[in-house]
Amino acid sequence: MTALARRLKEILIELIDNEYIYFGTGGALGFDTLVAQTVLDLKSDYPQIKLILVLPCLSQTNGWNSRDIEIYEVIKRQADKVVYTSQEYSRGCMHKRNRHLVDNSSVCVCYLTQNIGGTAYTVEYAKRKKLLVINAAEK
């Protein structure tokens with residue numbers, strides 16, 4: 001298990017211990033996938049928790065390699081709920097997905113290492129919405 005995976009597991013267990021049940025993630029490669037897999041792994045010890053995938057569009061995996069698509073499909077099948085914020089890919093569909101995640105959350109768990117890009121925008125949006133922000137990139 002990587003240091004990031006251990007840190008994420010600790011964060012999620014602390015949230016579960018504080019009675020958080022619903023965990024939403026955006027289904028992207030990288031950190032979103034790690035979060036989803038960690039929530040699914042924790043279900044064996046915490047059967048009350050739920051994984052909600054908030055996906056930007058039906059064609060999110062276009063251009064992905066077959067292994068990543070396979071992992072994505074396994075996660076989708078095991079998720080407790082799948083929400084699509086748009087049917088088709090469009091210029092703003094990723095931002096729409098991110099705003100939906102923030103607007104329906106009280107905590108933002110992120111992996112933010114630079115103050116530019118989609119993650120930085122979403123974290124700033126979460127802060128404006130007064131969410132507790134936990135950055136797994138920080139100790």
Side-chain angles (χ1 to χ4, degrees):
M1 182 180 291
T2 67
L4 175 58
R6 277 192 301 278
R7 171 85 173 112
L8 177 60
K9 186 175 180 180
E10 291 168 4
I11 291 166
L12 295 179
I13 289 171
E14 184 173 340
L15 290 169
I16 295 165
D17 288 346
N18 283 289
E19 300 184 2
Y20 287 88
I21 296 171
Y22 299 100
F23 295 89
T25 187
L29 294 171
F31 190 67
D32 282 2
T33 298
L34 180 61
V35 170
Q37 291 172 320
T38 305
V39 169
L40 292 171
D41 288 346
L42 287 171
K43 279 178 154 265
S44 60
D45 291 327
Y46 305 94
Q48 75 277 17
I49 65 174
K50 308 291 182 201
L51 175 63
I52 302 168
L53 291 182
V54 180
L55 306 176
C57 59
L58 295 170
S59 60
Q60 178 170 0
T61 61
N62 282 2
W64 291 15
N65 69 48
S66 59
R67 178 71 180 131
D68 289 335
I69 293 171
E70 183 181 321
I71 292 167
Y72 175 87
E73 292 298 334
V74 167
I75 291 169
K76 238 172 56 172
R77 282 193 301 274
Q78 293 179 7
D80 295 286
K81 183 177 182 181
V82 178
V83 175
Y84 290 94
T85 56
S86 300
Q87 291 298 304
E88 302 291 327
Y89 176 83
S90 66
R91 190 167 171 257
C93 73
M94 301 299 177
H95 284 298
K96 185 176 181 182
R97 179 231 16 228
N98 294 345
R99 287 189 301 270
H100 180 94
L101 280 162
V102 170
D103 291 342
N104 292 280
S105 299
S106 56
V107 176
C108 172
V109 177
C110 63
Y111 185 79
L112 180 64
T113 59
Q114 54 187 348
N115 291 321
I116 58 170
T119 301
Y121 169 86
T122 303
V123 169
E124 283 307 310
Y125 183 68
K127 288 177 180 177
R128 286 196 309 274
K129 293 288 191 168
K130 308 288 191 231
L131 271 65
L132 169 64
V133 174
I134 302 169
N135 187 354
E138 299 172 351
K139 297 264 174 173

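Given the structure is predicted, the values throughout are model-derived calculations rather than measurements.
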Within a strict 4.5 Å, meaning less than it, do heavy atoms of the [X] and [Y] side chains meet?
X      : Y      : answer
Lys127 : Glu124 : yes
Thr61  : Asp68  : no
Tyr89  : Asn62  : no
Gln37  : Ile71  : yes
Tyr72  : Leu29  : no
Leu15  : Ile134 : yes

Name each donor-acceptor pair under 3.5 Å that joins a side chain in residues 75-85 to protein atoms two or more places apart or in another chain, with its distance.
residue, atom, partner, partner atom, Å
Lys76, NZ, Tyr84, OH, 3.2
Asp80, OD1, Lys43, NZ, 3.3
Asp80, OD2, Lys43, NZ, 2.9
Asp80, OD2, Leu51, N, 2.8
Thr85, OG1, Leu55, O, 3.4

Kindly give the heavy-atom pair with the smallest separation between [X] and [Y], and that separation in Å.
X     : Y     : result
Gly26 : Pro56 : O-CD, 4.0 Å
Ala5  : Thr2  : N-OG1, 3.0 Å
Ser44 : Asp41 : OG-O, 3.1 Å
Lys9  : Leu42 : CE-CD2, 3.9 Å

- Message: Under the rule for salt bridge (Lys or Arg N to Asp or Glu O under 4.0 Å), what residues qualify as partners of Lys96, not counting sequence neighbours?
- Response: none
- Message: How long is the straight-line distance from CD of Gln48 back to CD of Glu19, given to the nearest 0.5 Å?
- Response: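 Interatomic distance, Glu19 CD to Gln48 CD, rounded to 0.5 Å: 9.5 Å.
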- Query: About how many Å separate CZ of Arg6 and OG1 of Thr38, when rounded to the nearest 0.5 Å?
  - Reply: 12.0 Å
Membership question, hydrophobic clusters at under 4.5 Å side-chain separation (ILVMFWY): are [Y] and [X] in the same one?
X      : Y     : answer
Leu132 : Ile52 : no
Phe31  : Leu53 : yes
Leu12  : Tyr20 : yes
Leu34  : Tyr22 : no
Leu8   : Ile16 : yes

Quick one: side chains of residues 105-122, donor-acceptor pairs under 3.5 Å with protein atoms, not counting sequence neighbours, listed by atom name and distance.
residue, atom, partner, partner atom, Å
Ser105, OG, Leu101, O, 2.5
Thr122, OG1, Asn98, ND2, 3.1
Thr122, OG1, Gly118, O, 2.8

- Task: Can you establish whether the number of heavy atoms outside Glu88 located under 6.0 Å from its atom CD is more than 12?
- Result: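 No, CD of Glu88 has 12 or fewer neighbouring heavy atoms, counting only those of other groups under 6.0 Å.
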- Task: Begin with the C-alpha distance, continue with both residues' side-chain angles, and end with the deciding distance and a verdict on side chain to side chain contact (heavy atoms under 4.5 Å, CB included) for Ile49 and Phe23.
- Result: CA-CA 7 Å; Ile49 65 174; Phe23 295 89; 3.9 Å; yes
- Between the main-chain N or O of Glu138 and the side-chain N or O of Arg7, is there a donor-acceptor pair closer than 3.5 Å?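 Looks like yes, one N/O pair under 3.5 Å.
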- Query: Which is it for Ile21 and Tyr46 under the side chain to side chain contact (heavy atoms under 4.5 Å, CB included) test, yes or no, and what are the steps along the way?
  - Reply: CA-CA 9 Å; Ile21 296 171; Tyr46 305 94; over 6 Å; no
- Go through the steps to decide whether Arg67 and Glu70 satisfy the test side chain to side chain contact (heavy atoms under 4.5 Å, CB included), and finish with yes or no. CA-CA 5 Å; Arg67 178 71 180 131; Glu70 183 181 321; 3.2 Å; yes
